Amino acid sequence: MKKRMTALCLLTILCCVIGMLAGCSSAKKRYIEDLFHDQGYIYMENTSPTDTEAVTYRLRAKKNSLTAATLRLTLDTDKENSEECKYYDLKMSRESIDETGYYEYWACTVPAQEKSYSYHFMCENEVDKVYYLSSQEIIFDSEPSHRSTDWMTYVNFETPQWTQGSIWYSLMPDSYNNGDITNDKLYNGAAGITTSGNFNIVAQNVWGNTHYSANDWFGGDLQGVAEKTEYFQSLQVDNLQMNPIWYTNHNAGYGAYDLTMLDSAFGNGDSLHALVETLHDSGIKISLDAVLQYYVSTGKITDAADIFPIEITDEDDLYYTVVYDADGNIVTGRWGNDFDFSSEQARNWLYKQPASLIQLYLTEYDADSWRLDVGAMLRGQQTGHYDTAYAILEDIRKTVKGIDEEIAFISETISAYGVTVDNGVLDSYWNYNYANAVREWAAGNSTIGAFSDVIYTTMVNLPRDEANASYNLLSSHDVWRIADVAMDKNAIKAATLLNMTFVGAPVIYYGDEIGMDSNAYAWLSGQAAPNSFGSFNWNESQWDYEILNYHKSLIQMRKAYGNVFTTGIFTELEVNEGSNYYAFGRVNTDGSVAVVLNQ
């Protein structure tokens, strides 16, 4: 026994000598562990700084695992290659130990900056030197190659607080509730025939039926929406998103004949005033939907079907100038004739003048938000003069915010058309990157790892206030309902749980909360075009109360935890491919919540 102990002591001494010769003892090695940063809570004080406000940032690490921490900042946000960016190093100081005694916090304050910037962290000790990125990746030794892995801070850009983490309810007036049968469209065609684009054929459809095309109408209207305000209150939703309500050839509201008048089938100005007032009295905000990219050829401006009793020939006429380019040619696009935003008349008519579409409904009708259909596809015909979506959206934003900073400016279809939401012109966007990933996972077509990677990357690539306001949808008028694509009811509930707890503003697409599904267009032979805008089923005996009560319970929990779900930080706890579950946490001053979900 004594010999064995002697041999053991000799071995220990030998190991220590070898360690000393190597410059350190293995027993004393401290590896960099448990790094964490997110935008919000204690980790970023002031997520919407002005150019006169400093911002304090904090980094968390395992206690005693760091000897130095540095925040690396660049103002070169127009560049993607990190080698082309000039980074400034701000040394961080060890600030405190957390209440558990396990973590320590490092902090630094970035002085007021005149422009937006991005940043990441460099962490060091006697063993390692690593770079910690927004993707939660840790890179050893070599600097990150792409600036896109930085966190982003916008200067002089503020997203309205009410949009952050608020709950949206999205509906189509024609399909929601018929409050006034006297304004229903007159029957002028047989149900079951293709009517889209044909002004002379309008089919009045039966409530509860499926749509046959774009020109058959159920009869829902603004009065009908107002009548369901108590239902919105029972769900505890914060905002209402409504499809376009202008005179149109499409029951979903897209394809306007005339943007200067409401479709009489929805009501009139008094109806809209009454709806907005009723919603506001109930604490609910309303967002209107504008189609500024195109105008149908049979509409009032170009009148290709000779429907309207006007003749436009004068090149000085307003209607002439908004869709004709400088050479007198109609600007044709995918869905109709495109507006030429290089034209001053077009800009004035659509948003620059007090009587324009955008301004009138904010000032006269007190709408709280505009959502732009395909906003990233707006274009002008003169190079360098309002020819890009960015230039146009930036100009529209100035108009909207000039009326009231609290008005939200939102758009659909962003990254797919080369415009990103992180360029400082939009408060929020329809987050189809998130929606598509969640829907694929609910359908069983994606792994938990692939799905979680997409939704996290989509979130972290935005400045946090915009991410908090991200319009997170599961269904829309453009796709099948979540009930159609999910594998089963458990998958629907898992997707709903995620939607009500993830970073962003969750959306309930009308009917999803009662388990409605979709039907294919009956007239499209051999195709499966989604018809996710069938009429709402108000027969309560046919509702799926398991799904409805699940929605209500999650919303009640969300409300109870206050800022945890509206502006709280996000931390990914586990992505378990083997057991197919996903766990994350949300934390803020009102508490902390752990979320675990699978299919």
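Note that the structure is predicted; figures quoted are calculated from it, not measured.
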(message) For a quick test of reading the model, state the closest non-hydrogen atom pair linking A467 to L462 and the distance between them.
(response) CA-CD1, 3.9 Å
(message) Tell me every residue that passes side chain to side chain contact (heavy atoms under 4.5 Å, CB included) with A367, counting only those two or more places apart in sequence or in another chain.
(response) L288, L362
(request) Step through the shown structure and confirm whether more than 12 heavy atoms of other residues, nucleotides or ligands are within 6.0 Å of CD on E406. (result) yes
(request) Using the six-membered ring of Y386, assess whether NZ or CZ of R347 lies under 6.0 Å from its centre and within 45 degrees of the ring axis. (result) yes
(request) With sequence neighbours left out, write down each residue that passes side chain to side chain contact (heavy atoms under 4.5 Å, CB included) with N436, or none if nothing qualifies. (result) Y432
(message) Contact between V425 and Y390 at the side-chain level, heavy atoms closer than 4.5 Å - yes or no?
(response) yes
(message) So does Y231 get a backbone contact from the side chain of S234, meaning a donor-acceptor N/O pair under 3.5 Å?
(response) yes
(message) Under a 3.5 Å threshold, yes or no: a donor from one side chain and an acceptor from the other, between Q381 and D340?
(response) no
(message) Taking G375's backbone N and O only, do any of them form a donor-acceptor pair with S411's side chain (distance below 3.5 Å, no angle check)?
(response) yes
(request) With rounding to the nearest 0.5 Å, note down the distance linking CG in D289 to CD in E412. (result) 8.0 Å
(request) Check whether any side-chain heavy atom of Y169 sits under 4.5 Å from a side-chain heavy atom of N239, and report yes or no. (result) no
(message) K559: which residues meet the salt bridge (charged side-chain N to carboxylate O under 4.0 Å, His left out) condition with it, sequence neighbours left out?
(response) D238
(request) Sequence neighbours left out, what passes side chain to side chain contact (heavy atoms under 4.5 Å, CB included) with T153? Give chain and number order. (result) Q39, M44, P49, Y57, Y117, Y119
(request) Look at the side chain of S48 and the backbone N and O of E158, then say whether any donor-acceptor pair between them is shorter than 3.5 Å. (result) no
(request) In plain terms, say whether D517 and R481 are close enough for a salt bridge, that is, a side-chain N and a carboxylate O under 4.0 Å apart. (result) no
(message) Taking the six-membered ring for Trp, are W168 and Y471 closer than 6.0 Å centroid to centroid?
(response) yes
(request) Might you confirm whether atom CD of E277 has over 12 heavy atoms from other residues, nucleotides or ligands at distances under 6.0 Å? (result) no
(message) Whether the side chain of S532 engages the backbone of S476 through a donor-acceptor N/O pair (distance < 3.5 Å, no angle test) should be reported.
(response) yes
(message) Measuring only between side-chain heavy atoms, which start at C-beta, is L272 closer than 4.5 Å to I245?
(response) yes
(request) Compare all side-chain heavy atoms of I508 with those of V237 and state whether any distance is below 4.5 angstrom. (result) yes
(message) For the CZ atom of F451 and the CG atom of N445, what is their distance to the nearest 0.5 Å?
(response) 13.5 Å
(request) Please confirm whether the backbone N or O of M172 pairs with a side-chain atom of S175, one donor and one acceptor, at under 3.5 Å? (result) no
(request) Return the set of residues passing salt bridge (charged side-chain N to carboxylate O under 4.0 Å, His left out) with D544 (not counting sequence neighbours), or none when no residue passes. (result) K489
(message) Which residues pass the side-chain hydrogen bond (donor to acceptor under 3.5 Å, both in side chains) test with S297, not counting sequence neighbours?
(response) none
(message) Working to the nearest 0.5 angstrom, can you tell me the gap between T566 OG1 and R558 CZ?
(response) 7.5 Å
(message) Using only atom types and a distance under 3.5 Å, with no angle test, would you say the side chain of S518 pairs donor to acceptor with the backbone of W480?
(response) no
(message) Under a 3.5 Å threshold, yes or no: a donor from one side chain and an acceptor from the other, between T332 and N337?
(response) no
(request) Grab the two heavy atoms, one from A483 and one from I492, that are nearest each other, plus how far apart they are. (result) CA-CD1, 3.7 Å
(request) Could I get the full list of side-chain hydrogen bond (donor to acceptor under 3.5 Å, both in side chains) partners for N156, not counting sequence neighbours? (result) D51
(message) Under a 3.5 Å cutoff, is there a donor and acceptor pairing between the side chains of N472 and N431?
(response) yes
(request) For the pair D174 (side chain) and W217 (backbone), establish whether a donor and an acceptor sit closer than 3.5 Å, ignoring hydrogens and angles. (result) no
(message) Checking Y254 now: which residues fulfil ring pair (Phe, Tyr, Trp, His ring centres under 6.0 Å) with it, not counting sequence neighbours?
(response) H477
(request) Decide yes or no for M242 and S287: does some side-chain heavy atom of the first lie under 4.5 Å from some side-chain heavy atom of the second? (result) no
(message) I need the minimum non-hydrogen distance between L171 and F232, along with the two atoms involved.
(response) CD2-CZ, 3.8 Å
(request) Could you tell me whether a side-chain N or O of T278 sits under 3.5 Å from a main-chain N or O of A226, the two making a donor and an acceptor? (result) no
(message) If you define the side chain from C-beta out and look only at heavy atoms, does anything of W370 sit under 4.5 Å from I410?
(response) no
(request) Could you pull out the closest heavy-atom pair between S470 and Y429, with the gap in Å? (result) OG-CE2, 4.0 Å
(message) List the residues meeting side-chain hydrogen bond (donor to acceptor under 3.5 Å, both in side chains) with Y434, not counting sequence neighbours, and say none if there are none.
(response) N499
(message) Please give me the minimum heavy-atom distance between L262 and G267, naming the atom from each residue.
(response) CB-O, 4.4 Å
(message) I want to check something: taking the side chain as every heavy atom from C-beta on, are H273 and Y365 in contact at a cut-off of under 4.5 Å?
(response) yes
(request) Sequence neighbours left out, what passes side-chain hydrogen bond (donor to acceptor under 3.5 Å, both in side chains) with R464? Give chain and number order. (result) D38
(message) For D395 and R397: C-alpha separation, side-chain torsions, deciding distance, then whether salt bridge (Lys or Arg N to Asp or Glu O under 4.0 Å) applies.
(response) CA-CA 5 Å; D395 201 41; R397 180 183 180 84; over 6 Å; no
(message) Can you tell me how far apart OH (Y509) and CE (M516) are? Round to the nearest 0.5 Å.
(response) 8.5 Å
(request) Determine the interplanar angle of the W246 and Y361 rings, folded into 0 to 90°, and report it as parallel if under 30°, tilted if 30 to 60°, perpendicular if over 60°. (result) perpendicular
(message) So, taking the atom named CE in M377 and the one named CG in D338, what distance separates them when rounded to the nearest 0.5 Å?
(response) 7.5 Å
(request) Let me know which of W538, F536, F218 forms a ring pair (Phe, Tyr, Trp, His ring centres under 6.0 Å) with W207. (result) F218
(message) Please enumerate all residues that pass salt bridge (charged side-chain N to carboxylate O under 4.0 Å, His left out) together with K401, with sequence neighbours excluded.
(response) D427
(message) Under the criterion side chain to side chain contact (heavy atoms under 4.5 Å, CB included), I'd like the reasoning laid out for L372 against L292: C-alpha separation, chi angles, the key distance, then a yes or no.
(response) CA-CA 7 Å; L372 301 189; L292 304 186; 3.9 Å; yes
(message) Any side-chain to backbone donor/acceptor pair from N251 onto D216? Under 3.5 Å, distance only.
(response) yes
(request) Hey, could you give me the CG/CG distance between L360 and L259, rounded to the nearest 0.5 Å? (result) 12.0 Å
(request) For residues V438 and L498, report the shortest heavy-atom separation together with the two atoms involved. (result) CG2-CD2, 3.6 Å
(message) For a 4.5 angstrom cut-off between non-hydrogen side-chain atoms, does K285 reach S166?
(response) no
(request) Output all residues satisfying ring pair (Phe, Tyr, Trp, His ring centres under 6.0 Å) with H385, sequence neighbours left out; order by chain, then residue number. (result) none
(request) State whether the side chain of D387 and the backbone N or O of R379 hold a donor-acceptor pair below 3.5 Å, judged by distance alone. (result) no
(message) Using the rule given for side chain to side chain donor-acceptor pair (under 3.5 Å), can you reason through D512 versus H551, listing the C-alpha separation, both sets of side-chain angles and the distance that settles it, and then say yes or no?
(response) CA-CA 10 Å; D512 279 0; H551 276 82; over 6 Å; no
